[in-house]
Amino acid sequence: MLAFVLRRLFQAILVMLVVALVSFSLFRFVGDPISVMVGQEATQEDRERMRQELGLDQPFPVQFAAYVGRIVQGEFGISYRVGRPVIDLILERLPATLELAFCAAIFALVFGVGFGVFTALRRARFSSKAIMTFSLIGVSLPTFLIGIGLIYLFSVELKWLPSFGRGQVTDLGFWTTGFLTLSGLKSMVLPAITLGLFQMTLIMRLVRSEMLEVLRTDYIKFARARGLSDRAVHFGHALKNTLIPVITIMGIKLGSLVAFAIITETVFQWPGVGFLFIASVQSVDIPLMATYLLLVALFFVTINLIVDMLYFIVDPRLKSGVALARH
Amino acid sequence: MTETSEALLEVRDLVVEFPTRRGILRAVDQISFSLMPGEVLGLVGESGAGKSLTGTALIGLLEPPGRIASGTVRLKGQQINGLPPEELRKIRGRRIGMVFQDPLTSLNPLYRVGEQLIETIRTHLPLSEAEARQRAVDLLMEVGIPAAERRLDSYPHEFSGGMRQRVVIALALAAEPELVIADEPTTALDVSVQAQIIAVLKRLCREKNTAVILITHDMGVIAETADRVAVMYAGRIVEIGPVRDVIKSPRHPYTKGLMGSIPDPEAEAERLIQIPGSMPRLTHIPKGCAFNPRCGFANDQCRTERPPVRAVGKGSVACFLDEAQLTALSLEARR
């Protein structure tokens, strides 16, 4: 177990280094940073002096090492656009995005697993077929269209829910939350559904097909032959086995909730990091873009690590090092 | 055949059908047999003869669209086919246990063996967690698993195939059912382990006076274990009788061919007898006797009419050949 964790940690660090390399090279894409910083009238000597001071005359690997060193110490640079440390800007916006992703994930998980199990167990029912057909919409429609559609229906026509923003938020010092006010909660509904809908339908279809497969296995047949109740067979024996392959996909998908919140945040004017990122792209704010990239990668890597740990908890066969033979 | 009401299980004209796009397929066609308490009945036949389907039909676990189209299954006089699912569930495991072919896939890999045992015990018997646990330990000891107490907390993958099949048997016997249906219980195991598993099954069922339907294509297992044997061909029972009679002097031409295909180490014969052709598919079951295209004795009646099952000697045979001809067959087989 420990060796496994260490190996995974090592892999995670490797992934982060590669992402850091990509985000570092972002700075080089836009040309010579010195010409961005100095004025028109700067002499060639000024430029050379500045280049030396900033260490930009060093070879690429040295510069990269320095960059990684700064990141490790928590220095992500100053935003070109706002002129404040990038990390502060992102930390201010992060709670909004994390709360949104969290709600979307809960929505996707609860309804995805619930509908998936339902449609697998009651395959012939009309309602199952209706859900399956409806889920095609979730898979095929682009996020922004769903968002706009929801806004039109629930904000413009029915006037039930706000169409943009986070509503009233409560500042807890280190975190601003929208969970404590009614307007905050109401503002959460539409963006969370918009962001989670695609994942929900995906999880639902995955759970359904996995569950159907598991229900055909010998141990389910044997569980029935032992006279166990349908409830015990379906939710005790089948569901647990269904969730093993589903966990991986869900983990990766939850990571992408944070990453792809950009579109939803733009549609709903949600004051999160995705919205911040779009703004920084428009003004070529490289330090912010690079940091955002690192942040998203960190999310993916962390979630993957957690998923791998979950495997250990759920599947006892991994503990003894037996290869995960397919049932 | 026993016809009295004291029979534990009585199957009458059981028909299992699968509706398909090309019409209805009859996988089990009007089979009848009965079983006394504590009796071991072997059910033999080639793959696809309908043996396993018969077993699953008896406990009401046919996979839809498969269904029992007609016939009755009576357990101690009570008809159990067509019962509401909940009633049938209470019979499964409690009164009829089942052992499947592959012990590697019969146990849920995510639960400890003890959890699966205790769950089964508590489903059927009004025992506390602690009592059920004690019973689980006893069961594991009975099926011959060493250090049963400790093994309760092991996962299925930590057992060998033979040990897992012992666990499966313990699970099937957990609520002391009156009947156990064992569907090819040894086929997936090493030859060296097969005999042990059969011995465990035989011993426990004799101790508890549990009747057994042993589904297999292994005549050796049947010869050693069963009291009576029923031979199935293309969904029908062609011959049923005491195991000694059927093996030593088979009367039906198919049974004779089947016995002839078993190697006898003492015999001088250089080649095994083969039955020409192969068993028909369900879509192409011939008219009349299903065996007629492969039978050396088939006449016009065999090709048009289905032979009724009639008593011959201590057993019954579904064949048009008269008694003298059948006896001649059996004598020939004995040589």
Side-chain angles (χ1 to χ4, degrees), chain A residues 1 113 117 119-125 128 207 210-248 309-327, chain B residues 52 55-56 58-65 85-113 115-117 119-125 153-158 164 167-168 170-175 177 180-181 183 188:
Chain A
M1 173 85 188
V113 173
V117 170
T119 50
L121 293 181
R122 303 272 176 270
R123 226 173 349 154
R125 284 251 188 104
S128 296
V207 167
E210 260 324 304
M211 185 99 174
L212 286 176
E213 198 155 298
V214 169
L215 285 176
R216 276 195 292 268
T217 57
D218 284 354
Y219 56 82
I220 292 300
K221 205 173 168 192
F222 187 53
R224 287 193 207 284
R226 283 188 276 147
L228 302 184
S229 66
D230 278 356
R231 213 181 117 121
V233 172
H234 293 154
F235 297 102
H237 288 265
L239 189 58
K240 200 170 174 188
N241 281 282
T242 301
L243 290 184
I244 288 194
V246 173
I247 286 175
T248 330
M309 302 294 121
L310 272 181
Y311 261 150
F312 264 100
I313 297 167
V314 179
D315 197 334
R317 284 169 293 187
L318 281 177
K319 278 181 202 143
S320 56
V322 175
L324 186 63
R326 190 82 176 119
H327 310 305
Chain B
S52 294
T56 35
L58 292 182
I59 56 168
L61 279 183
L62 282 175
E63 299 268 339
E86 184 57 21
E87 295 297 310
L88 208 53
R89 178 185 74 71
K90 283 181 187 153
I91 290 175
R92 282 200 293 269
R94 179 71 190 92
R95 300 183 62 192
I96 305 179
M98 184 124 191
V99 176
F100 288 112
Q101 178 172 353
D102 191 350
L104 300 183
T105 57
S106 290
L107 299 168
N108 191 328
L110 303 188
Y111 289 96
R112 294 171 205 279
V113 160
E115 289 171 330
Q116 304 192 39
L117 270 163
E119 181 186 27
T120 312
I121 293 167
R122 296 199 66 190
T123 301
H124 298 295
L125 305 173
D153 294 321
S154 301
Y155 285 98
H157 71 264
E158 294 167 305
R164 276 194 235 187
V167 173
V168 170
L171 277 163
L173 294 174
V180 168
I181 300 171
D183 187 357

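For clarity, every value in this text was computed on a predicted model and none was experimentally measured. Sequence lines set the chain letters: A, B, ... in the order given, protein chains first and strands last, and positions in each chain run from 1. Because only heavy atoms are used, hydrogens play no part in the values below, and waters and symmetry mates are left out as well, while side chains stay in.
Looking at Gln101(B), there are no atoms closer than 4.5 Å to chain A (heavy atoms on both sides), in backbone or side chain. Of the atoms belonging to Glu119(B), heavy atoms from both backbone and side chain fall under 4.5 Å from chain A.
The two residues Met98(B) and Asp183(B) have their closest heavy-atom pair at CE-CB, 4.1 Å. The two residues Pro103(B) and Ala188(B) have their closest heavy-atom pair at CD-CB, 4.2 Å. Heavy-atom minimum distance, Leu215(A) versus Ala238(A): CD2-CB, 3.9 Å.
Put simply, of Ile96(B), Val168(B), Ile91(B), Val99(B), the one with the most heavy-atom pairs under 4.5 Å next to chain A is Val168(B). Your options are Lys240(A), Arg226(A), His237(A), and the one with the most heavy-atom pairs under 4.5 Å with chain B is Arg226(A). Considering only heavy-atom pairs separated by less than 4.5 Å from chain A, the leading option among Thr120(B), Leu110(B), Thr123(B) is Leu110(B).
A salt bridge links Asp230(A) and Arg224(A); the closest N-O separation between the charged side-chain nitrogens and carboxylate oxygens is under 4.0 Å.
Interatomic distance, CG of Leu107(B) versus OH of Tyr219(A), reported as 11.0 Å (0.5 Å rounding).
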